[in-house]
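Worksheet: one structure, shown below.
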Amino acid sequence: MPDAAPSRHGAATLSIDLEAIAANWRDLCARHPSGPVAAVAKADAYGLGAAEVVPRLVAEGCRHVFVAQLAEAVALRPRLGEGVLVAVLNGVTPGSEEVFIRERIVPVLNDPGQVALWRSAARAAGRALPALLHVDTGMNRLGLSARDVERLAEDAQSFAGIDLLYVMTHFVSSELPEDPLNAAQVARFATTRARLPAARTSLANSSGIFLGPLGASDLARPGAALYGINPTPGRANPMRCVVSLDAPVLQVREVAAGETVGYNATWRAERPSRIATVAAGYADGYLRSLSGRGVAFFRGRLVPLVGRVSMDLLTFDVTDAPDLASGHTLRLLGPELPPDALAERAGTNAYEILTALGERYARVYGPVRPEA
Ligand SMILES: *Cc1c(COP(=O)(O)O)cnc(C)c1O
C-alpha cells in the first residue's frame, strides 16, 4: 500500500486507480459503437475526486463531461481544454446565465422556463449559445414533458439563438434489461424528438450501454460503470474495480465469553474472542446500517463486523485470524469486497457507498491491489 501523507497517519487509506477508470472508459467506448462516450462526474466523480478522474479521462480521449451542479462545472472547467464539453445536468437558473457564458459551461435545459432563460441569454449575448435539451420519457424528475415539447414546437421562435447540441433522455430501469419500460422510453423519445429542431441524441447511462441497440445513441452518459459499479446486476461485473479501502487496526483486545462490544451491547461474545478496533466509522461514510452486517478481509480471510458502527471506529471479530495484530490493516473495500457487495450488506446501492466515502481518508491515486 503506498505511503500516506504524515498528517493522515492513523487514518484509513483510500486507493483510487485512475488507470482502471480509464480502462473502464475504453471498455464502454467499445460497447457503444454508435457514438462517443461521455464521463458523468457529478458528486465529485461519485466520491472519487473529479479533479483527478476527469483530466485522466480527457487524456484518454473523453470529450464530454456531465456534472449535476454549476459549481462542480466551474471547479472543473479550468482543468480541461477548450475542446471538452462541460455540461450541467441541473440546468440554468435565473442569475447564473453569465457564469455559464463566461466559463463556457453548457446547461442541460430541463423545462420551458430554462429554455426561455437561455433564449433570453442568447439574445442579450448577441450570439447563439450551446445547450442540451432533456426530455422526460418516464422518470418524472427533470426534463421537458411531451406536452411541454408540443407547446414549444408550436412557436418557431422557441429555440431561437439556442444551438442544440444534443437532445437527451434518461432511462428509469436500464439495469433491468427485461423491463418493457426501456423500449417504451426509447419509443417516446423518438416521437418527442421528431417535434424538435434536429440535434444529435444522448440516451444511455452505464446500464443503458449494456442494452445493446436499444441504448444506442450519439452520446452515452455513463457514471457508475466508469467507477467499477456493476452495470449488469445479477450477472458478473464486466468492469474493473477502481477503489480499495484499508483501515489500520488501532487495538486488538481479548473479550471474555459473555462480554459485549460497542454501543447498546448489540453483540455478545459466545466464546473467548479477539476484537480488532479500526479507524473508520459512519463519519467516514461507512454506513451505520452495516452494524452487525459488515465484513472485512485480512490476509484473504473474511472477518465479521460486530456490534454497532460508531462515528470513528469499527469493531471486527478476529478470533479466527490469530496472526492479526495492532498496526495491521483490514480491507474494507476492494476487489475482494467490491462496492456492490458492501452495498448489498448495507441495504443500499453501490452509488451510495462510493458517494459517501469520507474526507478523512488518506487518498492515494495509484493501482488497486489484491489485499493479500
Ligand atoms: C447520473 C446520471 C447519469 C449516469 O448514470 P449511471 O447510472 O451512473 O451511469 C446519466 N444521465 C443522467 C441524466 C444522470 O443523472
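- Under the side-chain contact (heavy atoms from CB on, under 4.5 Å) test applied with Leu85, the options Ile105, Leu165, Leu80 reduce to a single match, Leu165.
- A 4.5 Å side-chain heavy-atom check between Val278 and Leu250 finds every atom pair outside the cut-off.
- Between the Trp25 side chain and the Val37 main chain, a donor and an acceptor come within less than 3.5 Å of each other.
- Checking Ser291 against Arg308 by side-chain atom types alone, no donor-acceptor pair falls below 3.5 Å.
- Residue Gly300 comes nearest to Ala372 through the heavy atom pair N-CB, 3.6 Å, listed as atom of the first residue, atom of the second, then distance.
- For the residue pair Pro339 and Ile353, the shortest heavy atom distance occurs at O-CG1, 4.0 Å.
- Residues Asn205 and Ser174 have side chains that bring a donor and an acceptor to within less than 3.5 angstrom of each other.
- Between the side chains of Asp136 and Ser145, no donor-acceptor pair of N or O atoms lies under 3.5 Å.
- Put simply, the side chain of Leu337 reaches to within 4.5 Å of the side chain of Phe297, judged on heavy atoms.
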Apply side chain to side chain donor-acceptor pair (under 3.5 Å) to Thr260 and Arg268, showing your working.
CA-CA 4 Å; Thr260 66; Arg268 186 178 300 275; 5.9 Å; no
Worked check of side chain to side chain contact (heavy atoms under 4.5 Å, CB included) between Leu342 and Leu333:
CA-CA 8 Å; Leu342 195 65; Leu333 209 52; 3.7 Å; yes
Show your working on salt bridge (Lys or Arg N to Asp or Glu O under 4.0 Å) between Lys42 and Glu72 and close with a plain yes or no.
CA-CA 7 Å; Lys42 57 199 185 189; Glu72 299 178 300; over 6 Å; no
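- Applying the ring pair (Phe, Tyr, Trp, His ring centres under 6.0 Å) test to residues at least two apart or on different chains, the pairs with a partner in residues 218-258 are Tyr46-Tyr227.
- Closest heavy-atom contact between Leu203 and Leu214: CD2-O, 3.7 Å.
- Side chain of Asp179 to backbone of Ser173: no donor-acceptor contact under 3.5 angstrom is found.
- For Glu344, the CD atom sits in a loose shell: 12 or fewer heavy atoms of surrounding residues, nucleotides or ligands are nearer than 6.0 Å.
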Kindly determine whether Met168 and Leu133 satisfy side chain to side chain contact (heavy atoms under 4.5 Å, CB included), including the steps that lead there.
CA-CA 6 Å; Met168 57 172 267; Leu133 194 68; over 6 Å; no
Criterion side chain to side chain contact (heavy atoms under 4.5 Å, CB included) on Arg345 and Leu290, from CA distance to verdict
CA-CA 7 Å; Arg345 291 179 174 274; Leu290 286 163; 3.8 Å; yes
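- Residue Arg63 comes nearest to Val58 through the heavy atom pair NH1-O, 3.0 Å, listed as atom of the first residue, atom of the second, then distance.
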Asn230 vs Thr232, test: side chain to side chain donor-acceptor pair (under 3.5 Å). Steps then yes/no.
CA-CA 5 Å; Asn230 188 358; Thr232 60; 2.9 Å; yes
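- Dense packing is recorded around CZ of Arg299, with more than 12 heavy atoms of other residues, nucleotides or ligands lying under 6.0 Å away.
- Between Arg331 and Glu336 there is a salt bridge, with a side-chain nitrogen of the basic residue lying less than 4.0 Å from a carboxylate oxygen of the acidic one.
- Annotation: side chain of His64 is not in contact with side chain of Val84 (no heavy-atom distance under 4.5 Å).
- One N or O on the side chain of Asn237 and one on the backbone of Met239 form a donor-acceptor pair closer than 3.5 Å.
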Only distances under 3.5 Å count here; give the side-chain donor-acceptor pairs of residues 122-132 to other protein atoms, sequence neighbours excluded, each with its distance to 0.1 Å.
none

Without placing hydrogens or testing angles, list every side-chain donor-acceptor pair under 3.5 Å for residues 314-322, not counting sequence neighbours.
from: Thr315; atom 1: OG1; to: Val306; atom 2: O; distance (Å): 2.7
from: Asp317; atom 1: OD1; to: Thr319; atom 2: N; distance (Å): 3.0
from: Asp317; atom 1: OD1; to: Thr319; atom 2: OG1; distance (Å): 2.4
from: Thr319; atom 1: OG1; to: Arg274; atom 2: N; distance (Å): 3.1
from: Asp320; atom 1: OD1; to: Arg271; atom 2: NH1; distance (Å): 3.2
from: Asp320; atom 1: OD2; to: Arg271; atom 2: NH2; distance (Å): 3.3

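- No more than 12 heavy atoms of other residues, nucleotides or ligands shown are found within 6.0 angstrom of CZ on Arg293.
- Side-chain contact between Arg235 and Pro177 is present, with at least one heavy-atom pair separated by less than 4.5 Å.
- Under the 6.0 Å distance and 45° angle rule, Arg200 counts as a cation-pi partner of Tyr166.
- By the ring pair (Phe, Tyr, Trp, His ring centres under 6.0 Å) test, Phe66 is found to be paired with no residue, residues two or more places apart in sequence or in another chain being considered.
- Looking at residues two or more places apart in sequence or on another chain, you find a ring pair (Phe, Tyr, Trp, His ring centres under 6.0 Å) between His328 and Phe298.
- Within the 3.5 Å criterion, the main-chain N or O of Val92 finds no donor-acceptor partner in the side chain of Ser96.
- Using a 4.0 Å cut-off between charged nitrogen and carboxylate oxygen, Arg104 and Glu82 count as a salt-bridge pair.
- Between Arg363 and Glu52, none of the side-chain N atoms (NZ, or NE/NH1/NH2) sits under 4.0 Å from a carboxylate O, so this pair counts as no salt bridge.
- Across Val172 and Glu175, no two heavy atoms sit closer than the pair O-OE1, 4.4 Å.
- By the neighbour-count criterion of 12 heavy atoms within 6.0 Å, atom CZ of Arg79 is sparsely surrounded, having that number or fewer from other residues, nucleotides or ligands.
- Judged as a side chain to side chain donor-acceptor pair (under 3.5 Å), and not counting sequence neighbours, the contacts of Thr348 are Glu352.
- Between the side chain of Ser207 and the main chain of Pro231, a donor-acceptor pair closer than 3.5 Å is present.
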Can you check side chain to side chain contact (heavy atoms under 4.5 Å, CB included) on Gln185 and Phe189, steps first, answer last?
CA-CA 6 Å; Gln185 283 189 273; Phe189 186 59; over 6 Å; no
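- Put simply, the side chain of Tyr286 reaches to within 4.5 Å of the side chain of Leu305, judged on heavy atoms.
- Between Arg301 and Asp323 there is a side-chain heavy-atom pair separated by less than 4.5 Å.
- Residue-environment remark: CD (Glu150) exceeds the threshold of 12 foreign heavy atoms within 6.0 Å.
- In plain terms, the two heavy atoms of Ala68 and Val88 that are nearest each other are O-CG1, 3.3 Å.
- Within the 4.5 Å cutoff, no side-chain heavy atoms of Leu219 are placed close to those of Thr201.
- Val115 is listed as a side-chain neighbour of Phe159, based on a closest heavy-atom distance under 4.5 Å.
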